[in-house]
Protein chains: 2
Amino acid sequence: MAHPQLQLDHQLCFLFHRISRDLTAAYRPLLADLGLTYPQYLAMLVLWERDGPGVGELGDRLCLDSGTLSPLVRRLEAAGLVRRQRGAADERRVTVHLTEAGRALEERAAGVPQQLAATLVDDLPSYQALHAELTALAQRLEASTPRSA
Amino acid sequence: MAHPQLQLDHQLCFLFHRISRDLTAAYRPLLADLGLTYPQYLAMLVLWERDGPGVGELGDRLCLDSGTLSPLVRRLEAAGLVRRQRGAADERRVTVHLTEAGRALEERAAGVPQQLAATLVDDLPSYQALHAELTALAQRLEASTPRSA
DNA sequence: CGCGATTTGGTTGTGCACAACTCAATAGTG
DNA sequence: CACTATTGAGTTGTGCACAACCAAATCGCG
């Protein structure tokens, strides 16, 4: 092996890439029942926390730029879960509001995290430890690769 | 909060999603110098380890199905890094071989992992611990969500 | 007030991921 | 040997991610 450091198995980054895809795949059947994709589910989580953010705030929360978010919100609107509203004072701003159907979906989504938790880790302490480790890593990454958006 | 378990900050999965994207973003400028995207880089890593696999073996290694891999390999071929070869014995099989340019690229890619390692973790032990943890998690996930491919 | 700079959301184009499907080649079975 | 099932790669369609760019609205300075 000319360059052992290039071995795929040793690449931490590939692990993240793969786990991220596996997790999305694990969510897929659960979210399909709700008519959502995984990124759409993340957006709904933000709205269930606090309704009516601007597209920009939503993007900050999800770390997504308008190029990704605009069509995603459009699809949520087409699904009847969300309503777009032009700002009155500042007409550049667009706020995103839950419809009744969007609000109602929260009840049906409530069980989703638990259904996945079992797959992830065996016990709560290791879950929390892994979570803390990843949060620290995400912050370090965030600092080194500033997201424009 | 009606359903505290739905809070975005508590979602381990969102962390993976985000870190995976941040990592890809961290690679992007380095790989742009080589004319590669991150998934293309992963494919090249496999080829540098062992040249001439079938499309299926490449997919097993990267956990990608033919729907993703076929166009990716086509782009690598268009970039002159790779050559496709129909199997002689079994004409269904297509093997992927490095060209001279593809082999030469390994030298230029040799420095990439180190350039990123500093961003990821501060010291080798924590790198290895995180790697072991993620490998275990990936295996648990792999077992629970069998990849068709 | 007038006008250039910034902000906000959107569009376009490229590439990845995946489901569903097609089609040819091969393997297996009666 | 004929015929069906399976395998292997590829195609199509949808959606996400991101870079580059755009237009309109607002801001701010002279």
Side-chain angles (χ1 to χ4, degrees), chain A residues 14 16-29 31-32 35-43 53-60 62-79 84-96 145-149, chain B residues 14 16-29 31-32 35-43 53-60 62-79 84-96 145-149:
Chain A
F14 176 63
F16 272 100
H17 192 71
R18 186 152 94 79
I19 290 174
S20 173
R21 288 193 290 128
D22 284 345
L23 282 174
T24 304
Y27 269 108
R28 200 167 295 121
L31 296 179
L36 294 174
T37 65
Y38 182 63
Q40 290 167 8
Y41 169 68
L42 294 178
V55 173
E57 301 160 57
L58 203 53
D60 287 346
L62 300 171
C63 306
L64 290 173
D65 69 1
S66 69
T68 302
L69 214 45
S70 284
L72 190 153
V73 173
R74 191 199 328 293
R75 281 185 284 270
L76 288 178
E77 189 169 39
R84 244 182 252 256
Q85 188 163 342
R86 265 296 150 193
D90 184 343
E91 288 190 23
R92 289 170 306 181
R93 287 183 59 78
V94 170
T95 51
V96 183
T145 64
R147 192 170 292 279
S148 54
Chain B
F14 176 63
F16 271 98
H17 192 70
R18 186 152 95 79
I19 291 173
S20 173
R21 289 193 290 130
D22 284 345
L23 283 174
T24 306
Y27 270 107
R28 200 167 292 122
L31 296 180
L36 294 175
T37 65
Y38 182 63
Q40 288 167 11
Y41 169 69
L42 294 177
V55 173
E57 300 161 58
L58 203 52
D60 287 346
L62 301 171
C63 306
L64 290 173
D65 68 1
S66 68
T68 301
L69 215 45
S70 284
L72 190 152
V73 172
R74 188 198 329 293
R75 282 185 284 269
L76 288 178
E77 189 168 42
R84 243 183 253 257
Q85 189 163 340
R86 267 293 153 193
D90 184 343
E91 286 190 25
R92 288 170 306 180
R93 287 182 57 79
V94 170
T95 51
V96 182
T145 64
R147 191 170 293 280
S148 53

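Within every chain, numbering begins at 1; the chains are lettered A, B, ... in the order of the sequence lines, protein sequences first and strands thereafter.
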Touch class at under 4.0 angstrom, heavy-atom based, for A:Gly67 against every strand present:
base
Residue set satisfying side chain to side chain contact (heavy atoms under 4.5 Å, CB included) with A:Gln85, at least two apart, ordered chain then number -> A:Arg83, A:Thr95, A:His97
Between A:Ala89 and A:Pro71, the residue closer to the 5' end of DNA chain D by nearest nucleotide is A:Pro71
Side chain of A:Arg21 - closest among C:dA17, D:dT26, C:dG9:
C:dA17
Measure from the side-chain heavy atoms of A:Gln40 and tell me the nearest of D:dG15, C:dG9, C:dG15.
D:dG15
Base, sugar-phosphate, or nothing for B:Ala32, non-hydrogen atoms under 4.0 angstrom?
nothing
Distance test, side-chain N/O of B:Ser70 to OP1/OP2 of D:dG10, below 4.0 Å
yes
Selected nucleotide, minimal atom distance to B:Pro39 side chain, candidates D:dA17, D:dT11, C:dA17:
C:dA17
Students often mix this up, so state it plainly: with edges at 30° and 60°, are the rings of A:His17 and B:Tyr38 parallel, tilted or perpendicular?
perpendicular
Rounded interatomic separation in angstrom, taking CZ from B:Arg86 and P from C:dA24:
12 Å
Among D:dC18, C:dT8, C:dC18, which nucleotide sits nearest the side chain of B:Arg28?
D:dC18
Measure from the side-chain heavy atoms of A:His17 and tell me the nearest of D:dC18, C:dA17, C:dG10.
C:dA17
The side chain to side chain contact (heavy atoms under 4.5 Å, CB included) partners of B:Pro39 (sequence neighbours excluded) come to B:Thr37, B:Leu72
Set of salt bridge (charged side-chain N to carboxylate O under 4.0 Å, His left out) partners for A:Arg28, sequence neighbours left out:
none
Is A:Thr37 touching bases, backbone alone, or none of the nucleic acid, heavy atoms closer than 4.0 Å?
sugar-phosphate
Quick check for you: among C:dC18, C:dG9, D:dG8, whose closest atom lies nearest to any side-chain atom of B:Asp65?
C:dC18
Side-chain N or O of A:Arg84 versus OP1/OP2 of C:dG10: is the shortest distance under 4.0 Å?
yes
Output a table of nitrogen or oxygen pairs between the protein and nucleotides 21-24 of chain D separated by less than 3.5 Å.
none

Just to verify, what does B:Ser70 make a side chain to side chain contact (heavy atoms under 4.5 Å, CB included) with, not counting sequence neighbours?
B:Ser66
Partners passing side chain to side chain contact (heavy atoms under 4.5 Å, CB included) against B:Arg84 (at least two apart in sequence or in another chain)
B:Val73, B:Arg74, B:Glu77, B:Val94
Distance check: side-chain N/O of A:Arg93 vs OP1/OP2 of D:dT26, anything under 4.0 Å?
no
Flag the pair A:Arg93 / A:Glu57 as yes when at least one side-chain heavy-atom distance between them is below 4.5 Å, and no otherwise.
yes
Scan B:Ala43 against the nucleic acid and name what it touches under 4.0 Å (heavy atoms): base, sugar-phosphate only, or nothing.
nothing
